[in-house]
2 protein chains.
Amino acid sequence: MTIIASWNVNSIRVRYGHVENFLNKVDPDILLLQEIKCMNSEFPDFIDQSKYNVTINGQKAKYGVAIIYKKEIDIRIIQIKSQTLESQARVQLIYLKSLNLNILNVYTPNGNPINDPDKIQFKLKWYDELYNLSKKIILSKQDLLIGGDFNVIENIKDAINFQEWENDALGNLQVRTKFRELCFLGLTNLSRIFFKPGQIFSFWDYQRACWERNDGILIDHFLISPKKLQNVKRLEYETNFRGLEKPSDHIPFWLKLNI
Amino acid sequence: MTIIASWNVNSIRVRYGHVENFLNKVDPDILLLQEIKCMNSEFPDFIDQSKYNVTINGQKAKYGVAIIYKKEIDIRIIQIKSQTLESQARVQLIYLKSLNLNILNVYTPNGNPINDPDKIQFKLKWYDELYNLSKKIILSKQDLLIGGDFNVIENIKDAINFQEWENDALGNLQVRTKFRELCFLGLTNLSRIFFKPGQIFSFWDYQRACWERNDGILIDHFLISPKKLQNVKRLEYETNFRGLEKPSDHIPFWLKLNI
DNA sequence: GTGGATTTGG
DNA sequence: CCAAATCCAC
């Protein structure tokens, strides 16, 4: 049994206590973190060293991803050779020997404001590069799990009122198409298997009392390749974490594999 | 018996917990606060309303003074008619009916950087106006206590190494002379009665590990008029408060009157 | 609304 | 070093 989790924490320095609680509660084997918002050297020292290791791709102030994984897991960090994907600290690729599985931890560019052509162009280009990288892995007959914050509202039901997002970089049709193209490589979006449309959200904006009004969106996902899909026995979104003191605007979520 | 205390808290919104602890420990009848750093409307609601009242002279972000006093004390707030003293929220004058005593709560301008003529000139002018106000009270045969942060190192022994302060607005000779002229109105500096030179400090800079190296200065005082001097039985500086978590850079201090 | 960087004041 | 403001991104 293996539990793999993901969480956009919106600053690990502010949220490490919540992450500690999540680790204790869910006991994941692997936790993908996004938006750690710090440099590698600033990553707080909260992890139980006897239990977990961590690999960090951080940068100053913005973005930043990290993977916390149990000590007994043998991982290989794979270098990503893409100017676009490496220009900001938004991706990590690891290979798990024990599961024979590649895992991509992603924090997709937001792309707003939509009227800034640089922003949306970078997002589209970034999705293209993620597509190319994923394609290469899949064509080489390897298994792949992509987890993280995709900053896209793929399905109309992934928002209370989708019309409000049509003119936003998260609901933009070009972006949604890029995400769908990524899935069409043969990756299954697990939220589509385990929940019915509109059943869950993963993000509630801090503004406009979105949490109190349950005005959320679903933008955090796991995408998995066919051979491993059959091993997925469970998927949970931990909605409670949005109601904590000083919460992240995203909630953690996790899957369980029977391997 | 009456206890009157004073404390430059360096933000009441950050320090109200410490102030609460101080009130519980010392149980003063009156507490003069300086550098509350907020508007009246932002003053936190931490005071036990059944025990204390508060009068606030605040402003946005900088300076600001307040007086917390026991409910049974009858005070009159006296309007200060001085352009200079009222241009920034640095002074409060109250009259205590029960003790027949005027109390001035002061947060003197810092005056640095010393090479900015506006800053030091304002400080000197401000001291002149404080002198005039105090003189008026004293000449009218009323008793006066001035308490607070005078931002002056009057005595060479009030710093570990006074030479380091000679070129600073706190050790500047003109400023020291202004403070001495204020005392020469007939006010006794209680720290000179209860402690020997160099025995106590009231401020340790956050910078350069001043607290850890005990590199402090004495700049917070009570000045009292002759008739009330005979009633002062005790003076204490609460040095421990500098060692708390998230301390103010100043410590609280208090006097005890046998009336 | 929240977090980070930067600037200003001390 | 610390606190507040302003600005920026999301």
Side-chain angles (χ1 to χ4, degrees), chain A residues 8-16 18 34-39 42 44 58-64 88 90 107-114 116 118-120 122-123 149 151-152 165 168-170 203-213 215 217 219-220 242 244-250, chain B residues 8-16 18 34-39 42 44 58-64 88 90 107-114 116 118-120 122-123 149 151 165 168-170 203-213 215 217 219 242 244-250:
Chain A
N8 178 323
V9 289
N10 187 17
S11 170
I12 189 63
R13 285 178 292 182
V14 172
R15 224 74 65 199
Y16 65 87
H18 291 345
Q34 302 91 38
E35 275 206 271
I36 61 171
K37 283 186 169 175
C38 66
M39 294 182 294
E42 298 168 325
Q59 67 170 76
K60 192 178 172 186
K62 294 193 293 196
Y63 330 126
Q88 299 176 340
R90 293 178 174 279
Y107 172 50
T108 305
N110 179 290
N112 283 306
I114 195 81
D116 180 339
D118 289 351
K119 291 290 179 70
I120 194 72
F122 179 72
K123 184 171 186 173
D149 175 1
N151 266 321
V152 64
W165 296 91
D168 185 284
L170 274 65
F203 169 92
W204 294 257
D205 202 308
Y206 289 125
Q207 293 170 76
R208 291 164 283 116
C210 282
W211 170 245
E212 289 75 6
R213 298 185 296 103
D215 183 2
I217 53 178
I219 59 178
D220 298 88
R242 188 57 177 83
L244 301 175
E245 283 293 289
K246 280 206 159 272
S248 171
D249 39 7
H250 295 253
Chain B
N8 178 323
V9 289
N10 187 17
S11 170
I12 189 62
R13 284 179 291 182
V14 172
R15 225 74 64 197
Y16 65 87
H18 291 347
Q34 301 92 38
E35 275 206 90
I36 61 170
K37 283 187 169 174
C38 67
M39 294 183 292
E42 298 168 325
Q59 67 171 77
K60 192 179 174 185
K62 293 192 294 196
Y63 329 128
Q88 299 175 341
R90 293 177 173 279
Y107 172 50
T108 305
N110 179 289
N112 282 308
I114 195 82
D116 180 339
D118 289 351
K119 290 291 178 68
I120 194 73
F122 179 73
K123 184 172 187 173
D149 175 1
N151 266 322
W165 295 92
D168 185 285
L170 274 65
F203 168 92
W204 294 258
D205 201 308
Y206 289 124
Q207 291 169 80
R208 291 164 285 115
C210 281
W211 169 246
E212 289 75 7
R213 298 183 298 102
D215 184 3
I217 53 178
I219 59 179
R242 187 59 177 82
L244 301 176
E245 282 294 291
K246 280 207 159 268
S248 170
D249 40 6
H250 296 252

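What you see below is based on every heavy atom in this structure, not just the backbone, and it leaves out hydrogens, waters and symmetry mates. Below, chains carry the letters A, B, ... as their sequence lines are ordered, and counting in each starts from 1.
- Rounding to whole angstrom units, CZ of residue A:R208 and P of D:dC10 are separated by 16 Å.
- With hydrogens and angles disregarded, a donor-acceptor distance shorter than 3.5 Å links the side chain of B:Y206 to the backbone of B:D249.
- What separates CG of B:D215 from C1' of D:dC1 is a distance of 14 Å, to the nearest Å.
- Rounded to whole Å, atom P of C:dT2 lies 15 Å from atom NE2 of A:H250.
- Remark: P of C:dT2 and CZ of A:R242 are 8 Å apart, rounded to the nearest angstrom.
- Rounded to a whole Å, the CZ atom of B:F203 is 14 Å from the P atom of D:dC1.
- For the pair A:D168 CG and D:dA9 P, the computed distance is 15 Å after rounding to whole Å.
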Next on the checklist: Please determine whether side chain to side chain contact (heavy atoms under 4.5 Å, CB included) holds for the pair B:D168 and B:I114, giving the CA-CA distance in whole Å, both sets of side-chain angles, and the decisive distance to 0.1 Å.
Outcome noted: CA-CA 6 Å; B:D168 185 285; B:I114 195 82; over 6 Å; no

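- Note: A:W211 and A:W204 have perpendicular aromatic rings, judged against thresholds of 30 and 60 degrees for the angle between ring planes.
- Under a 3.5 Å cut-off, the side chain of A:R213 and the backbone N or O of A:R208 do form a donor-acceptor pair.
- Counting non-hydrogen atoms of other residues, nucleotides and ligands closer than 6.0 Å to OH of A:Y16 gives a total of 12 or fewer.
- Between the side chains of B:K37 and B:N10, at least one donor N or O lies within less than 3.5 Å of an accepting N or O.
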Next on the checklist: For a quick check, with a 4.0 angstrom heavy-atom cut-off, what is the B/S/- contact string for nucleotides 3-10 of chain C, read 5' to 3'?
Outcome noted: SSSS--SB

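- No side-chain donor-acceptor contact under 3.5 Å links A:N110 and A:K123.
- In this structure, B:E245 places its CD atom 15 Å from C1' of D:dC1, rounding to the nearest Å.
- DNA chain D forms stems at C:1-10 with D:1-10, each a run of 3 or more consecutive Watson-Crick or G-U wobble pairs whose two key distances fall under 3.5 Å.
- Put simply, CG on A:D116 is 14 Å from P on D:dC8, counting in whole angstrom units.
- The backbone N or O of A:Q34 lies less than 3.5 Å from no partner atom in the side chain of A:R90, so there is not a single donor-acceptor pair.
- Judged purely by atom type and a 3.5 angstrom limit, A:D205 has no side-chain atom pairing as donor or acceptor with the backbone of A:C210.
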